[in-house]
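Inspection log for the structure reproduced underneath, given as structure tokens.
Hydrogens, waters and symmetry mates play no part in the numbers below; they use all other heavy atoms, side chains included. On a predicted model such as this, the values are computed, not experimentally measured, just so you know. In this chain, numbering begins with 1 at the start of the sequence shown.
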Amino acid sequence: MSEHLNKKQKRAHYRQAQKENTPTALPRKKFYRQRAHANVFSDHHLVYPKCPDDMNWTGYFPAFVANRDPDTTTRSSETSPDDATGSSPPKLTKVVEVVDIGCGFGGLLVALAPALPDTLLLGMEIRTSVAEYVEHRIAALRVQNADKNLYQNIACLRANTMKFLPNFFRKGQLSKAFICFPDPHFKHRKHKARIVSTTLNSEYAYVLRPGGVVYTITDVEDLHNWMVRHLEAHPSFERLTEAEQEADPCVEIMRTETEESKKVERNKGQKFVALFRRVEDPPW
């Protein structure tokens, strides 16, 4: 029967099996392929909380649920982030502090998990199939490393950060935000869709605590210059020096562990890195 399925049907069949069974083997990327570009201004039928207090994180970080109840820590990938019950969702023993915006296939998350074992990290990805792949990848890694209790501190959800970032995070909640190899949107009329802009930088400033850092990396020099120019122009950010940048262990992980960084390495391309610190707000 399976030999008569076309590629689309095979992908759907494989991914459904991954959903229904706890995966013990890492998912196969070929069943989750999706075009690289997504229209961030379209209605993607996304589910998001009305405010951070309404966000139910229990299914994403079950090992960190306070007063754990197995019935409240299971969810399918279709479950709403908002409980929709009218009651407050269960709390975690920690809050998410690190976000990977446009996390792709999750390489950075997986690499950062053991490097930041006491920190909750979240990948946010707008593409349905890619976000699903990362979810299944994390689930498999948790099973494979159950004896060491690894990868419990990372999760991925499907979201459009250009529209809904403050719906998930309180003011000053985050310590790090990674923007790795974002879509360069080369055409001038598409520049409004770039993930770094005057407006979006204010949202990053809102969710980052003073001292928090925005990490940026790209292989497109024009985009690098754009991000540097816009972040340096924002009053809430200051660029880290080269010495500060190279002293941060997360920089080397960012340079080497994402799928895009490995691709650039194979093609012998350049990588442009810039880090920006969230400064203290002036006294009002």
Side-chain angles (χ1 to χ4, degrees), residues 35-41 98-109 111-112 115 121-127 130 159-163 165 174-208 211-279:
R35 67 192 300 266
H37 306 285
N39 186 347
V40 294
F41 302 114
V98 177
V99 63
D100 183 6
I101 297 173
C103 67
F105 289 95
L108 181 66
L109 282 176
L112 285 175
L121 304 92
L122 180 73
M124 305 182 86
E125 173 59 51
I126 194 171
R127 293 170 291 171
V130 179
N160 184 347
T161 56
M162 288 185 70
K163 289 185 176 181
L165 191 66
L174 301 181
S175 62
K176 302 178 190 294
F178 290 86
I179 301 174
C180 301
F181 300 96
D183 192 329
H185 293 290
F186 289 109
K187 294 180 180 177
H188 188 272
R189 64 184 177 85
K190 293 283 190 180
H191 285 183
K192 63 185 178 182
R194 286 181 168 177
I195 198 66
V196 169
S197 67
T198 301
T199 302
L200 290 172
N201 290 349
S202 293
E203 294 201 354
Y204 303 146
Y206 176 82
V207 296
L208 278 165
V213 177
V214 175
Y215 296 73
T216 70
I217 184 171
T218 179
D219 59 330
V220 180
E221 189 171 11
D222 174 68
L223 178 61
H224 168 71
N225 293 334
W226 166 284
M227 294 192 290
V228 168
R229 186 165 68 250
H230 281 76
L231 281 161
E232 282 186 331
H234 198 285
S236 293
F237 291 104
E238 63 180 7
R239 188 173 181 179
L240 271 66
T241 65
E242 191 75 19
E244 289 175 311
Q245 176 178 299
E246 296 309 312
D248 189 330
C250 293
V251 171
E252 185 60 23
I253 295 173
M254 178 177 70
R255 275 200 183 111
T256 59
E257 296 298 331
T258 72
E259 285 75 12
E260 282 296 321
S261 68
K262 292 175 181 177
K263 186 162 120 184
V264 173
E265 196 73 35
R266 289 195 300 270
N267 295 333
K268 303 189 185 309
Q270 287 183 284
K271 301 173 190 176
F272 303 95
V273 175
L275 275 59
F276 298 86
R277 183 186 295 113
R278 172 68 160 91
V279 299

task = Take V220 and F186 through the test side chain to side chain contact (heavy atoms under 4.5 Å, CB included) and record every step on the way to the result.
result = CA-CA 10 Å; V220 180; F186 289 109; 3.7 Å; yes

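- Each of Q245, E238, E244 was compared with T241 under the side-chain hydrogen bond (donor to acceptor under 3.5 Å, both in side chains) criterion, and only E244 meets it.
- With values rounded to the nearest 0.5 angstrom, N201 atom CG is found 10.5 Å from M227 atom CE.
- Within the structure, side-chain hydrogen bond (donor to acceptor under 3.5 Å, both in side chains) pairs that include any residue of residues 218-233 comprise R194-D222 (at least two apart or interchain).
- For E203, the salt bridge (Lys or Arg N to Asp or Glu O under 4.0 Å) test picks out no residue, with sequence neighbours left out.
- Contact of the I101 side chain with the Y204 side chain is registered, since non-hydrogen atoms from C-beta on lie closer than 4.5 Å.
- D100 places none of its side-chain heavy atoms less than 4.5 Å from the side chain of L121.
- In this structure, P182 and V196 have side chains that are not in contact, with every pair of non-hydrogen atoms separated by 4.5 Å or more.
- Not one N or O on the side chain of K176 forms a donor-acceptor pair closer than 3.5 Å with the backbone of Y215.
- One finds the CZ atom of F237 at 6.5 Å from the CZ atom of R278 (value rounded to the nearest 0.5 Å).
- Across all their heavy atoms, F181 and V264 have their closest contact at CE2-CG2, 3.9 Å.
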message = Could you walk me through whether F178 and V98 satisfy the side chain to side chain contact (heavy atoms under 4.5 Å, CB included) test, starting with their C-alpha distance in whole Å, then the side-chain angles of each, then the deciding distance to 0.1 Å, before giving a yes or no?
response = CA-CA 8 Å; F178 290 86; V98 177; 3.7 Å; yes

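- Of the possible donor and acceptor atoms, none in the side chain of E257 sits under 3.5 Å from a partner among the backbone N and O of L108.
- Residue K262 qualifies as enclosed at atom NZ: its count of foreign heavy atoms under 6.0 Å is above 12.
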ask   = Please walk me through it: do L112 and C250 pass side chain to side chain contact (heavy atoms under 4.5 Å, CB included)?
value = CA-CA 8 Å; L112 285 175; C250 293; 4.0 Å; yes

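- The shortest distance between side-chain heavy atoms of K271 and S261 falls below 4.5 Å.
- Atom CD of E246 has more than 12 neighbouring heavy atoms from other residues, nucleotides or ligands inside a 6.0 Å radius.
- Annotation: the span from K192 atom NZ to T199 atom OG1 amounts to 12.5 Å, rounded to 0.5 Å.
- Looking at T256 and E265, their side chains never come closer than 4.5 Å, going by heavy atoms from C-beta outward.
- Here the CD1 atom belonging to I179 is positioned 9.5 Å from the CG atom belonging to L223, to the nearest 0.5 angstrom.
- Taking the side chain as every heavy atom from C-beta outward, E260 and I217 never approach each other to under 4.5 Å.
- Each of L231, V228, L275 was evaluated against R239; a single residue qualifies, V228, per the side chain to side chain contact (heavy atoms under 4.5 Å, CB included) test.
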